[in-house]
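Labels below follow one simple rule: chain letters A, B, ... track the order of the sequence lines, proteins then strands, and each chain is numbered from 1.
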Protein chains: 2
Amino acid sequence: MLLSKTSEYGIRAMLHLAGVGGDEYVSVKKISETLDISFHFLTKIFQQLAKSGLIDSYRGPNGGVRISGSASKITVRAVVGALDGEDLFSKCVLGLPGCTKDHPCPLHEHWIKSRSAIEQMMSEKTLEDVGADLRAGGYRLKAGALWSED
Amino acid sequence: MLLSKTSEYGIRAMLHLAGVGGDEYVSVKKISETLDISFHFLTKIFQQLAKSGLIDSYRGPNGGVRISGSASKITVRAVVGALDGEDLFSKCVLGLPGCTKDHPCPLHEHWIKSRSAIEQMMSEKTLEDVGADLRAGGYRLKAGALWSED
DNA sequence: CCGTTTTAAGACAAGGATATCTTTTTTGTT
DNA sequence: AACAAAAAAGATATCCTTGTCTTAAAACGG
Ligand code: FES
Ligand code: FES
């Protein structure tokens with residue numbers, strides 16, 4: 001699998017926040033119910049995203065999480081980096097240590113092209129872009145239903 | 001991680017066999033020592049590859065494994081398919097069930113392009129091609145040393 | 001001040017991937 | 001026939017990811 005469940009859930013949750021828009025705090029409970037993701041697991045994921053500075057969190061009644069700063073400055077690439085780390089974007093496809101042009105495995109030249117394509121794809125998608133797509137309709141963030149705010 | 005350890009090891013072992021060339025049986029023990037891969041684990045992997053028809057195996061003294069049929073007909077793509085299955089080449093990047101144009105997630109259009117690029121990269125690399133590359137020199141299949149037959 | 005809502009943090013359980021070990025079966029050699 | 005070499009098969013162990021549960025801390029409203 002390309003991404004861990006942690007990243008899959010984390011991206012879906014962040015894209016959902018982008019779709020909702022605004023700078024209101026949304027409770028993790030609500031998000032987990034809307035997207036059919038385990039509440040406790042999602043809580044852990046948001047804690048990681050908070051430590052990475054991608055979200056703000058606030059406790060107490062009407063608390064929750066929200067995208068930190070501007071959604072136009074955060075990319076899917078950043079979310080993956082915060083949750084899964086840099087391995088996908090830096091490591092050898094065969095798992096050999098030190099993937100460089102000087103010590104290539106037989107797939108190196110081809111792999112780094114695909115790897116860059118993935119990274120670029122994730123880097124050019126800002127949360128703001130996806131939020132607009134979601135609101136325009138036709139896309140989904142969970143099984144069985146098109147996106148809606150709640 | 002893109003590929004499981006099973007696929008990483010399996011590809012390295014198959015590429016090694018391609019580098020050795022010929023239709024002699026090579027013992028799994030020898031391969032595991034040459035590539036620094038756990039012998040027992042590699043045995044399991046070759047058993048899967050045998051069931052998929054990508055290798056022949058033979059027991060007893062001077063037995064071992066060899067590429068089945070022609071190395072020019074087997075691709076890295078086929079090895080991954082046999083060991084990790086088709087998920088990488090068919091599933092939604094966000095893990096949603098049923099990745100199709102009709103029920104797209106917000107990353108669908110971009111992801112299927114990257115996904116196809118990966119599949120094509122792996123499909124155009126035959127074992128024969130890589131075997132020739134290895135023998136020409138300059139590539140590695142293990143940490144710390146360029147490829148050699150043993 | 002007290003109770004409720006919410007995130008934070010930590011403990012724990014279930015599962016799969018990875019790794020190791022032992023036994024069995026096949027084959028070749030002496 | 002006896003022995004050795006090698007893959008096949010199965011049992012078990014270790015680790016990491018995933019998932020659940022419990023308790024603590026913060027914030028708000030009455
Ligand atoms: S060394 Fe293998 S992809 Fe770079
Ligand atoms: S539906 Fe998500 S990649 Fe196709």
Side-chain donor-acceptor contact under 3.5 Å, B:Ser68 with B:Asp56: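 The answer is yes; a qualifying pair exists.
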Counting only heavy atoms from other residues, nucleotides and ligands, does the tally under 6.0 Å from [atom1] of [X] exceed 12?
X	atom1	answer
A:Glu124	CD	yes
A:Gln48	CD	yes
B:Glu86	CD	yes

Close side-chain approach of B:Val28 to B:Phe39, heavy-atom, < 4.5 Å: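 SC-SC contact between B:Val28 and B:Phe39 confirmed.
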Side-chain heavy atoms of A:Arg12 within contact of B:Leu96, under 4.5 Å: yes
Can you tell me how far [atom2] of [N] sits from [atom1] of [X], to the nearest Å?
X	N	atom1	atom2	value
A:Tyr25	D:dA27	OH	P	10 Å
A:Lys30	C:dT5	NZ	P	16 Å
A:Ile45	C:dA8	CD1	P	13 Å
B:Leu42	C:dA19	CG	C1'	12 Å
A:Phe39	C:dT6	CZ	P	9 Å
A:Leu49	C:dA8	CG	P	11 Å
A:Phe46	C:dT6	CZ	P	15 Å
B:Gln48	D:dG10	CD	P	14 Å

So which protein N/O to nucleotides 4-6 of chain D N/O distances come out below 3.5 Å?
unit_1 : atom_1 : unit_2  : atom_2 : d
D:dA6  : O4'    : B:Gly60 : O      : 3.3

Under 3.5 Å, which protein N or O atoms sit close to an N or O of nucleotides 11-18 of chain C? Give each pair with its distance.
unit_1 : atom_1 : unit_2  : atom_2 : d
C:dA11 : N6     : A:Lys44 : NZ     : 3.3
C:dT18 : OP1    : B:Lys5  : N      : 2.7
C:dT18 : OP2    : B:Thr6  : OG1    : 3.3

A:His108 NE2 to A:Asp102 CG distance, which is reported to the nearest 0.5 Å: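 CG of A:Asp102 is found 9.0 Å from NE2 of A:His108.
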Out of C:dA8, D:dT22, D:dA8, whichever nucleotide has its closest atom nearest the side chain of A:Gln47: C:dA8
Pair B:Lys5 + B:Glu8, salt bridge at N-O below 4.0 Å: yes
Check: B:Gln120 main-chain N/O paired with B:Arg77 side-chain donor or acceptor under 3.5 Å: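 No.
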Distance below 4.0 Å between B:Ser38 side-chain N/O and C:dT20 OP1 or OP2: yes
Any A:Ser57 side-chain N or O less than 4.0 Å from OP1/OP2 of C:dA8: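 For C:dA8, OP1 or OP2 has a side-chain N or O of A:Ser57 closer than 4.0 Å.
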